[in-house]
Trainee: 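Mind having a look at this structure? Questions to follow.
These figures come from a predicted structure and were not determined experimentally. Just so it is clear: chains get the letters A, B, ... in the order the sequence lines come, proteins before strands, and each one is counted from 1.
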Amino acid sequence: MSGEPLLAMDGVVAGYGGGDVLRGVTFGVPEGAITCVVGPNGAGKSTVMRVISGLLRPRLGTVTLRGEKLNGKTPRQILDLGVVQVTQNHSLFKDMTVHENIDLGGYTIKDRSTVGKRIDAVYDLFPQVRGWAGMKAGSLSGGQQRLVEFARALMLDPVLILLDEPSMGLSPLVLKSVFDAARQMNASGATVLLVEQNARAGLKLSQHGVVMENGTVRLAGTGREVLEHPEIGELYLGGTVKKI
Amino acid sequence: MTDQDGVLMVLAIIDGILVGGVYALMAVGLTLIFGVLDIINIAQGVLVILGAYLSYSLFTKAHIDPYIGLLITVPAMFVIGVVIHWAFIRRLRGTERTSMTLLVTYAVGLIIEGVLYKLYGATNVQLLPSYGNSSFSLFGNYVQWVYVWDFLLAVLLIGAVYVLLYRTRFGRSVRATMQDQTAARLVGIDVNRVAALTFGIGVAVTAAGGMAFGITNAFNPNSGYDLISRLLSIIILGGMGSVGGALGASLFMLTLESVVSIWQPQWAVAVYYAALVIVLLYRPTGLFGQKAVRAQ
Amino acid sequence: MAAAVGGGRVLRGPCHRAALPPDGPVRPEGGAGTVTRHPRHADGQAAGLGTAVKGGALLLLLLAFIAFPKVFTNPAVTNYGVLALIYVTAATAWNIFSGNTGYISLGQAVFFGSGAYAMGIAARDWHLTGTTVFTTLPLCGAVGALIAIPFGLIALRVRRHTFIVITIAVFFIFQLMAFNLPFTGGSSGLASPFLSWPAAGYNTPFYYIALAYAAGSIALAWLIRRSRFGLQLRAIRDDEDRARGLGVRAMRVKLSAFVISGAITAMIGAVWFYYIEQVEPQTGFDPIFDLTLVLMAFFGGYGSIAGPVLGALLLEPLTLWLNTQPAFSGGSVSEILLGAVFLIVVLFMPRGIVPTGGELITRIRTRGRPAVVPAAPGGPPASQVPPAASGSSSGSGPSVGSGPSVNSGGAR
Amino acid sequence: ACTSGSSSTPSTTTSSSSATTGASSSAATSASGSPSSSTPINIGASLSLTGDFSADGVAFKQGYELWAQDVNAAGGILGRKVKLTILNDASSPNQVVTNYQTLINSDHVDLTFGPFSSLLTKPASAVAARNGYAFVEGAGGAPSVFDTPANQADHNVFDVSLPVADSLMPFVNYIASLPASQRPKTAAYPMADDPFADPPVQLAEQKLTALGVQPVYTVAPFAEEQSSYKPVADQVAKKKADLVVLGSTDVPTVAAFMAQFQANHYTPKMFIAAAGPDQGAAFTSAVKPGNAQGMMVPNGWYPDYNDPASKKMVTEYEALYKVNASGVNADVAEAYSVGQVVQAAITATGGTDNQKIISYLHSAVTLKTVQGDVKFDSLGENSAAAAFIFQWQNDGTKYAQVLPAGGASVAIIPTKPQWVS
Amino acid sequence: MTALLRTEGISKAYGGVQALDGATIAVEEGTVAGLIGPNGSGKTTLFNVITGYETPDAGQVWFGDRAITNLAPDKVFAAGIGRTFQLTRIFPRLTVIENMLIAAQARDRPRNLLSWFGKDAWTHHRRHALELLEFVGIEGHANVLAGSLSYGQRKLLELAYVLVADPAVILLDEPAGGVNPTLINHIADRIRQLNAEQGKTFLLVEHNMEFVMGLCSVITVLESGAAVVSGPPGIVKTDKRVLDAYLGTDLDDLGVDDEEEAR
Ligand SMILES: Nc1ncnc2c1ncn2[C@@H]1O[C@H](COP(=O)(O)OP(=O)(O)OP(=O)(O)O)[C@@H](O)[C@H]1O
Ligand SMILES: Nc1ncnc2c1ncn2[C@@H]1O[C@H](COP(=O)(O)OP(=O)(O)OP(=O)(O)O)[C@@H](O)[C@H]1O
Ligand SMILES: CC(C)C[C@H](N)C(=O)O
Ligand SMILES: [Mg+2]
Ligand SMILES: [Mg+2]
């Protein structure tokens, strides 16, 4: 567990115009680790992600990346600092081909040859995606789209990658490959901030866990601490190792 | 149908194709602005007239040939487009964005029209270069050179817009922005800049449409009103955002109209619109709709 | 672009997979976007009180409108009232269909003109004169409704922009019919019978008829809005295919609204005809009329009942008034001014007057309050409530690119 | 056109409906009750300064203003200056109704002048009628203007210009006067779908056909849309008729036909259009001046008209707007004539009482205007108007009256020369 | 006993992609059936065909002994089949409760005009709707526009819709995706209860094996557009083809750590 947080949120208050959704969120994302945020539906997890990536401006509080203030920056500026997000809802360019989507993942890379190389690398990592290259992204199945989104995010070499529920809609086999990829990226230096409803899988993958509830952080600790917290387990993680 | 009718028919078809080229030229900009950016640009007709007046001024005041004058009017209109977008359209967002763009472009159209009245008065004028009515003979019919040039210009501009949209990084960013602004911002696209540039380009190519209109029709500041519904129907018939479709639809529309007007000129417009309805019922996305940047 | 999305069937949009609302090409990111809460209060008592206040205010407003021609007796003034109320009615009729369903009709003049012509033809052929001409109003409404049925059956098979263009197309077909059919009076149009009312009060009966139509159509719009019918219409606006999957018989529902809208528009078109005393193809079937209704609705705020009403009440008198000012002579000055008014409103109220107003109110009211009720079982949050707003964020409110952000604002 | 069947000298006191008379006297007499010589005569008009009719509306405005300027320079009428209030109606009937209600009821103008076009004259005249105002106008010439129930009841509309239906008759007479060998053999009659443009063309077609001119293009009217002009013009060109009678209402239509004829290397021997070439410089600026040569148009006025008032008006106009005499739009003279007729009526009735003015104008007096004599029939059509045919000559620098030949200042160019490039 | 809902040899191709290739499945009345398969195997497409959102190139859909192959979605719904969508399709500009009411009134057939315009006629729907919203935990958002819901909340709303609409056969496309695990358990309980007490028939698509295996009595596996295996969970999860194509080496390794305890 490396020490200094790469990203720190401090007293963040944010909303969409109808009151505050985040009501003072404070937590840190340790550098070089995988951190998993869990919590009930509507707790504000995705809102946190949006605040970090600059899609949503907080009303109060600060977000810092290595001490540099992020709030007020545009998504492009934040992206240039190495923060990449895979959103929860499907955000592919549906009428463009899968290849064009992947290509756009490297939009900020000026050098075309680098883009070409990265595309190849991504295709090598997810050979299925190469097979769909010529298809319109919107025509893919739900799970396939998810995978393409993930692949698109890998076009850049991120410092911090934000994954909002990567597991959603993926079949077990594909999910494994996505988690493997996340782990691999982490191993090669990227910090990962993950939101997962599949909490046990997510927390197992992570060194750190954050539990959000109703716009605030309820608990933060190591992945195992969170996973084994009795009350949390009952409330949000589907009970403690309950067999169906 | 008599022999005579057959001759007239060929003539009508040639007419339709030639005038269709001019309409295509006026519609390309709208395809970009409405079809791609989803901005309901009610000002398109007025912008055409503005383009015509710019060419007219250059021609009458500085004796610059209208076609060469495009080198000046196109960049000028580009700047006007970018400014309009930057000042007003940029602020619109959310589900009302499209509807509110109608308000903005209507207002901009009113202001441009008002200014044109102030500058040029209400008198009808026309661009009258020396070659304006010269023609050559084809299958026993006369074809005006300016229509040929306009047609070629339309093909050229449509090709250029196509390449820009589908073969360049900028074009990809345009299409991406229009499909999903949030996702576009997440991959690092400056959506406001991209939209402003696209709007600017749409207005810029309209300068060429205006020149073509002004060389083939007399106009005054009010002449834009009759154009807008035709241009709208052309780009929908062509398929939203389909640049090639705009040309195809223009040719279809004007040819049909001119053929019908051999016998029933008073119904020609109605026949075109009836055909439009029928085609759209069977192809709701337009003739070339499947290539549209946006599916439904 | 190998695999083209979509099949050929007209009725079903080809893109079933997308969670895309039928409206809104710039795909908003799922939840992001400014969304104002519905104005209904959870608290029943407060709601009851609110309704009473609202009802009282509406009553006062209605009284004010009834008193208007008594207070301002000058025909030059009541004329504004008549024309504004005609547009209020037409815009509300537009709203009943287009505002609820999201199908933007640019062909309302088809009904307006047909109503005008229906009255003109009836009066001419049946030799009606004086006030008996008004008895043809229901007939004019029926003509509008009858036209709306085939028109709707054709146009409502397609969506969005294609629908808009089909309405434009039908509009032009009707205009040309008015020019060319044997019974329309051709390009000279029709003149109404003569009303030998004194000039001073000439406008007043028209004012009250228009007021009755305006009030009636607003009331109908309100009834529809709160009814099962209105709910189905709005579901169609949001996602027609999904609504069908929940058993909404979309065509029937859309068509009903279209017919209601057409009937009202035709009747008010007839009133207009009698007031102006003429109709010609270009004035009865006027493309500017189509556009004006839409502008009014968007100006006031699309999607609410109050929006189009407000838009009509503001825009029609404003446009007319600007042109009556000799100071703006030359004509173009009034055009420039009108354009400027539009732009200023759009700059400060980028979603139309009513929605932006409503949004501002909600924003101010909810500032610093939690947005949601606890979403899941569990105790109160462990962490503290944030410090009160210090205004330090200097107006940099939440800014999300785009989103499903419709506000109800005023009357819903 | 006249359905009322009343004699040529109607007694207006009976024809005015009682309701209107009662209502109007308050408005009209209160303003004219004490005609102190210091209070100006307020005259209101609405014109299409923007919108479809703006090209003509603006010219009309110039005419009204020129008239007012001349009157005031001469010390006014009955010692009172004239004050004109001209509002813009944007070519919309709602606006024109609003404007006249405002002029009459808020501005309390003493008198009203008409707007431009038959389309707007109809609703506007109804407002004037119910308020008891005389409605003297110069640009509502379609028969339907005079047939409105309001006018049939109140007889308040007076059109100082030429009734449109007969306007081409001098031309027809000219053809009839030619030896059969010199008459055109064939003729084409394209026309726009318009109440103003069609009647004269239809009448001309009927008469000329009777004279043995074979019609080769008599297809139904085309819609007034810019996209219609080229195909119809090309079809007409293909017929190679000797004579083209074009039912047009404005400059763009005529310009489009001329351009297409030229492109088709087709020059009709005679080319006459119902409206458009009468617009002076507004016409020549839209076509090449050289091509205007030989173009003919019916109208009631021409710059060389040998009338002192007309000459004066032309001189002033030339100075004011920097055009030569041929550049003066006939709309200007129509508007100016409106002023002159009203001026005569005020002078004759000694004030601005509209009822008196209406009676006076219906009293079969013949008045002089820049357009020639004016005398109103029972529904307000100018029965004294002489129809003239004008032709552009001297490569578009001279607009001259050529028919009827008797009073013509210039000889007609019998065959239109080839188009220039 | 003949199956209540059957598809016979459904094929559907998009350009070069054969999304369905003779898919034949059967759902017995009163069962909770599962449909699983790799991403892109055609599950959602099959749902679309059944519910009238797509026209198959070949094959028949039977509901009882009625062929419903080319019926429009509203007709299919009227016949008694309701569904949810994998990528949620809620009505973003209606409030949450209005969303629910649309579904709740779907099966009413108002007799007179008044019942079309009156809203009090359906207050009982409101009660039922609120109860279901409470069940999925978003009753607090009842008067909020549905477009402002979080992703998971939308999924829950989708589910609540179809439950309140109460069709005889309920098709669920990934009801658990993005939903909080605790709630998933509640949902499973509810489905069981509806099935047991009201005899509702369910067909559900899910990638959450825990959920599917625990809930369904019959599972059909779709692969490349064709049903390859069908049977009780115990059989399916040990089938070699299913393991290779879908689950990976074995069920216990859900792509997490190797030491993941059996679930
Ligand atoms: N665009 C929006 N407008 C208004 N409110 C919103 C918007 N998006 C989200 N919210 C509200 O903010 C709260 C938090 O939403 P968020 O998407 O952050 O939840 P989440 O924790 O990611 O939930 P889930 O697990 O369901 O994805 C929710 O109550 C939601 O209703
Ligand atoms: N409209 C379409 N156009 C082109 N291809 C399509 C279309 N609809 C589906 N497909 C293709 O059909 C296949 C099956 O898709 P479907 O959505 O049914 O899969 P699925 O089994 O639901 O997958 P998932 O588990 O990921 O949701 C995919 O390969 C998809 O790309
Ligand atoms: C040419 C027309 C539009 C106007 C004409 N003066 C008329 O009387 O109607
Ligand atoms: Mg979320
Ligand atoms: Mg699926």
Trainee: Looking only at heavy atoms, which two atoms of B/Thr105 and B/Ile42 are closest? And how far apart?
Mentor: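 That would be OG1-N, 3.2 Å.
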Trainee: Please state whether the side chain, the backbone, both or neither of B/Leu232 comes within less than 4.5 Å of a heavy atom of chain C.
Mentor: both
Trainee: Quick one: what part of C/Ile104 sits under 4.5 Å from any heavy atom of chain B, side chain, backbone, both or neither?
Mentor: neither
Trainee: Among the options B/Ile40, B/Val277, B/Leu103, pick out the one with the most heavy-atom pairs lying under 4.5 Å from chain C.
Mentor: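 Of the options given, most contacts go to B/Leu103.
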Trainee: Mind listing the closest non-hydrogen atom pair of C/Met251 and C/Leu153 along with its distance?
Mentor: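 Closest approach of C/Met251 to C/Leu153, heavy atoms only: CE-O, 3.7 Å.
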Trainee: Can you say whether B/Tyr272 sits under 4.5 Å from chain C via the side chain, the backbone, both, or neither, judging by heavy atoms?
Mentor: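 For B/Tyr272, there is no contact with chain C at all, as no heavy atom is under 4.5 Å.
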Trainee: Side chain, backbone, both or neither: which part of C/Phe298 has an atom under 4.5 Å from a heavy atom of chain B?
Mentor: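 Both parts, heavy atoms under 4.5 Å.
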Trainee: So C/Tyr302 and C/Trp94, would you call those rings parallel, tilted or perpendicular, with 30° and 60° as cut-offs?
Mentor: tilted
Trainee: Under 4.5 Å heavy-atom distance to chain C, tell me which part of B/Val271 shows up: side chain, backbone, both or neither.
Mentor: neither
Trainee: Do B/Ser57 and B/Tyr120 have side-chain N/O donor and acceptor atoms under 3.5 Å apart?
Mentor: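 There is such a pair between these side chains.
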Trainee: Measure distances from B/Ala122 to the heavy atoms of chain C and classify the residue's part below 4.5 Å as side chain, backbone, both or neither.
Mentor: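 Neither part.
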Trainee: Sort out for me which of C/Ile173, C/Val346, C/Asn180 touches chain B most, counting heavy-atom pairs under 4.5 Å.
Mentor: C/Asn180
Trainee: Between C/Leu291, C/Val294, C/Leu337, which shows the greatest number of heavy-atom pairs under 4.5 Å with chain B?
Mentor: C/Leu291
Trainee: Between C/Phe179, C/Phe172, C/Phe174, which has the largest tally of heavy atom pairs under 4.5 Å with chain B?
Mentor: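 Ranked by heavy-atom pairs under 4.5 Å with chain B, first place is C/Phe172.
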Trainee: Are B/Tyr273 and C/Phe171 close enough that their ring centers fall under 6.0 Å?
Mentor: no
Trainee: Identify which part of B/Ile235 has an atom lying under 4.5 Å from any heavy atom of chain C, answering side chain, backbone, both or neither.
Mentor: neither
Trainee: Do the rings of C/Phe342 and C/Phe299 sit parallel, tilted or perpendicular, given the 30° and 60° boundaries?
Mentor: perpendicular
Trainee: Could you pull out the closest heavy-atom pair between C/Gly300 and C/Pro355, with the gap in Å?
Mentor: O-CD, 3.6 Å
Trainee: Please say whether more than 12 non-hydrogen atoms of neighbouring residues, nucleotides or ligands are located less than 6.0 Å from CZ in B/Arg90.
Mentor: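 Buried by this count: over 12 neighbours within 6.0 Å.
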Trainee: Between B/Arg91, B/Glu113, B/Met100, which shows the greatest number of heavy-atom pairs under 4.5 Å with chain C?
Mentor: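 Most heavy-atom pairs within the cutoff with chain C belong to B/Met100.
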Trainee: Might you point out which heavy atoms bring B/Tyr53 and B/Gly121 nearest each other, and give the distance in Å?
Mentor: OH-O, 4.3 Å
Trainee: Non-hydrogen atoms of chain B under 4.5 Å away: do they reach the side chain of C/Met349, the backbone, both or neither?
Mentor: backbone
Trainee: Answer with side chain, backbone, both or neither: which region of C/Ile288 has an atom nearer than 4.5 Å to a non-hydrogen atom of chain B?
Mentor: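 The answer is the side chain of C/Ile288.
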